[in-house]
Number of protein chains: 2
Amino acid sequence: MSHSRDDCEFLQLHPHIVEQVQAELPSEAEQGELAELFRMFADPTRLRILTVLQVSDMCVCHIAEVLGMTVSAISHQLRLLKNARLVTARRVGKSVIYSLADDHVRVMMKNGEDHVRE
Amino acid sequence: MSHSRDDCEFLQLHPHIVEQVQAELPSEAEQGELAELFRMFADPTRLRILTVLQVSDMCVCHIAEVLGMTVSAISHQLRLLKNARLVTARRVGKSVIYSLADDHVRVMMKNGEDHVRE
DNA sequence: CTAATAATTGAATGATTGTTCAACTGTTTG
DNA sequence: CAAACAGTTGAACAATCATTCAATTATTAG
């Protein structure tokens, strides 16, 4: 590190602020989980899948058709969304129908949209 | 594509569902902006920076110290957060003090935390 | 049982990205 | 002015990741 701790003059005026703030921070494990959750919404394809499922439950085949992508690509992303408990799957005959896991997903997306609209 | 549109029997029962759902979807530009917003929260370091700034405005030097990372690494991430209008910067002497841009950031994070806690 | 449809999976590939390092710009102090 | 501090920036590197392709599982129809 070219900047070591003692380089900062400001720190000498507030010698305890670093420890104080550190004490208030959530654990790294919690932050990691939170980052993983946001990461699910951070990819355009996953976001579009979630948007589609807000309109209607759908089989993989339909989702792929709506988004103009391969079934394989969609299936890979659905697996991530399912592992993150953002969607659930139920089998109906040969098809597997995916749904949003709960309303929290809608809230998260609505919140993001509000911020984008400034 | 190994699965073409006409392969799906379900589609023949609901021939217009794809077009109906497509018509309700937001534009790709909107979805892209939304994904970019979520991407800012999707990295542990950026998330920790935002958490630190929730406790107190801080100079780059302090943030680096609290998180145990180099000033350079923090500065790179702060640039992304500033471009996304999630933080603002003001110069005070030799230091640059960073702050959360607005309360929307807090809302977004609180929402994510609620979902992580199930 | 065989053929066809629906979906999943693993490996490979190309693109993106977070951190490091070194060089650089601003600001203050002597 | 020169020296020191605070922060920024660009290139390079390693790691992560989304998509493709091919092979495979599961279900249904003939």
Taking only side-chain nitrogens and oxygens of [X], does any of them come within less than 4.0 Å of OP1 or OP2 of [N]?
X: A/Q77; N: D/dT19; result: yes
X: A/T45; N: D/dT19; result: yes
X: A/Y98; N: C/dT8; result: yes
X: A/R39; N: D/dC17; result: yes

In terms of the nearest nucleotide of DNA chain D, which residue is placed more toward the 5' end: A/R91 or A/D43?
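Going by which nucleotide is closer to the 5' end, it is A/D43.
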
Nearest heavy atom decides the nucleotide; on that basis, is B/H76 or B/V96 closer to the 5' end of DNA chain D?
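Comparing both residues, the 5'-ward one is B/V96.
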
Please determine whether any donor N or O and acceptor N or O are separated by less than 3.5 Å between the side chain of [X] and the base of [N].
X: B/S95; N: C/dT27; result: no
X: B/T70; N: C/dC21; result: no
X: B/S75; N: D/dT9; result: no

Which of the following nucleotides, D/dA18, C/dA7, D/dT28, is nearest to the side chain of A/K94?
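So the nucleotide nearest the side chain must be D/dT28.
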
Which heavy atom in A/V66 sits nearest to a heavy atom in B/Q22, and how many Å separate them?
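So the two residues come closest at O-NE2, 2.8 Å.
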
Rounded to whole angstrom units, what separation is found between the [atom1] atom of [X] and the [atom2] atom of [N]?
X: A/R90; N: C/dT8; atom1: CZ; atom2: P; value: 14 Å
X: B/M40; N: C/dT16; atom1: CE; atom2: C1'; value: 12 Å
X: B/L80; N: D/dG10; atom1: CG; atom2: C1'; value: 14 Å
X: B/R79; N: C/dT19; atom1: CZ; atom2: P; value: 13 Å
X: A/L78; N: D/dA18; atom1: CG; atom2: C1'; value: 14 Å
X: A/L67; N: D/dA18; atom1: CG; atom2: P; value: 15 Å
X: B/K82; N: D/dG7; atom1: NZ; atom2: C1'; value: 10 Å
X: A/I74; N: D/dT20; atom1: CD1; atom2: P; value: 9 Å

Checking salt bridge (charged side-chain N to carboxylate O under 4.0 Å, His left out) for the pair B/D43/A/R39: CA distance, chi angles, key distance, verdict?
CA-CA 8 Å; B/D43 173 72; A/R39 198 164 60 77; over 6 Å; no

What I'd like to find out is whether the side chain of A/V116 reaches to under 4.5 Å of the side chain of B/E30, using heavy atoms alone.
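In short, these two side chains do not touch, never coming nearer than 4.5 Å.
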
Passes salt bridge (charged side-chain N to carboxylate O under 4.0 Å, His left out), B/D102 versus B/R85? Steps please.
CA-CA 9 Å; B/D102 55 53; B/R85 300 176 191 282; over 6 Å; no

Looking at A/Q77 and A/R46, would you say the former's side chain and the latter's main chain have a donor-acceptor pair under 3.5 Å?
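A pair under 3.5 Å: no.
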
